Amino acid sequence: MDLRELKFRGTQVAYYVVCQRKLWLFTKGISFEKESEYVQLGKLLDEISFSREKGEEFAYEPVSIDFFSTGEGLVVHEIKHSSALEQAHILQVKYYIYYLKTKGIKVSHGIIHYPKQKKLLKVEFDEKDEELINEVVRKMDEVVRKEIPPKVINKPYCKKCAYWEYCYG
């Protein structure tokens, strides 16, 4: 796979960390996000949070970044409902920074906002992260090329997943 042709959405990067089965199903077009109250709650939070900062939506396929700011350089901002899956959110923001870097855009860092918890998380990006993203994208490609979905992982957070009924019903 040519990494210059990044094809994954940020959501898929987060799904890779949370559940590779979810990544596989979502990538194959099997989606239950519209029916999930947790996903709808997150979308509502995204819509009402930082409305002054957002301006025009940045949706440059395949990534859709919540908003940008400038100061110490360009900063990528991501809004999340809860920090329960923080490692997935961090990797998602690092993917955005990496993606923009491949397009010739220099980003100084990212910030993840957890408005309900009144928490901010600064996300730095260095050379090791570049290697990490390359490896993650390669592994994601392997997952989505499988003929059948990975097995159910049975984690505590599965109960709040949009795919709960599909996997356990």
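Worth saying up front: this structure is predicted, and the values here are computed from it rather than measured.
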Beyond-backbone contact of Ile133 with Leu91, side-chain heavy atoms, under 4.5 angstrom: yes
Electrostatic pair Lys101:Glu130 at N-O distance under 4.0 angstrom: yes
hydrophobic_cluster_shared for Leu41 and Phe32, side chain cutoff 4.5 Å: no
Atom of Ile97, atom of Gly110 and distance for their closest heavy-atom approach: CD1-N, 3.7 Å
N-O pairing of Lys146 and Glu142 below 4.0 Å: no
Nearest-0.5 Å distance, CG of residue Asn134 to CG of residue Asp129: 11.0 Å
Tyr163 and Tyr15 aromatic ring geometry - parallel, tilted or perpendicular at 30°/60° bounds: perpendicular
Pair Gln92-Thr11, side-chain donor/acceptor within less than 3.5 Å: no
Remaining members of hydrophobic cluster (4.5 Å side-chain criterion), Val152: Trp164, Tyr168
Residues, nucleotides or ligands: over 12 heavy atoms within 6.0 Å of Lys28 NZ: yes
NZ/NE/NH1/NH2 to OD/OE distance under 4.0 Å, Glu86 and Lys119: yes
Fellow cluster residues of Ile111, listed by chain then number, with links counted only when side-chain atoms sit under 4.5 Å apart: Val75, Leu120
Ring centre gap for His113 and Phe67 strictly below 6.0 Å: yes
Contact summary for Val93 and Glu78, nearest pair of heavy atoms: CG2-CB, 3.7 Å
Minimal non-hydrogen separation, Trp24 against Glu147, with atom names: CZ2-O, 3.5 Å
Among His89, Lys116, Gln117, the one residue meeting side-chain hydrogen bond (donor to acceptor under 3.5 Å, both in side chains) with Ser83: Gln117
Ring-face cation contact, Tyr114 with Lys80, 6.0 Å cut, 45° max: no
Option among Val17, Val18, Ile90 that satisfies the side chain to side chain contact (heavy atoms under 4.5 Å, CB included) test with Leu85: Val18
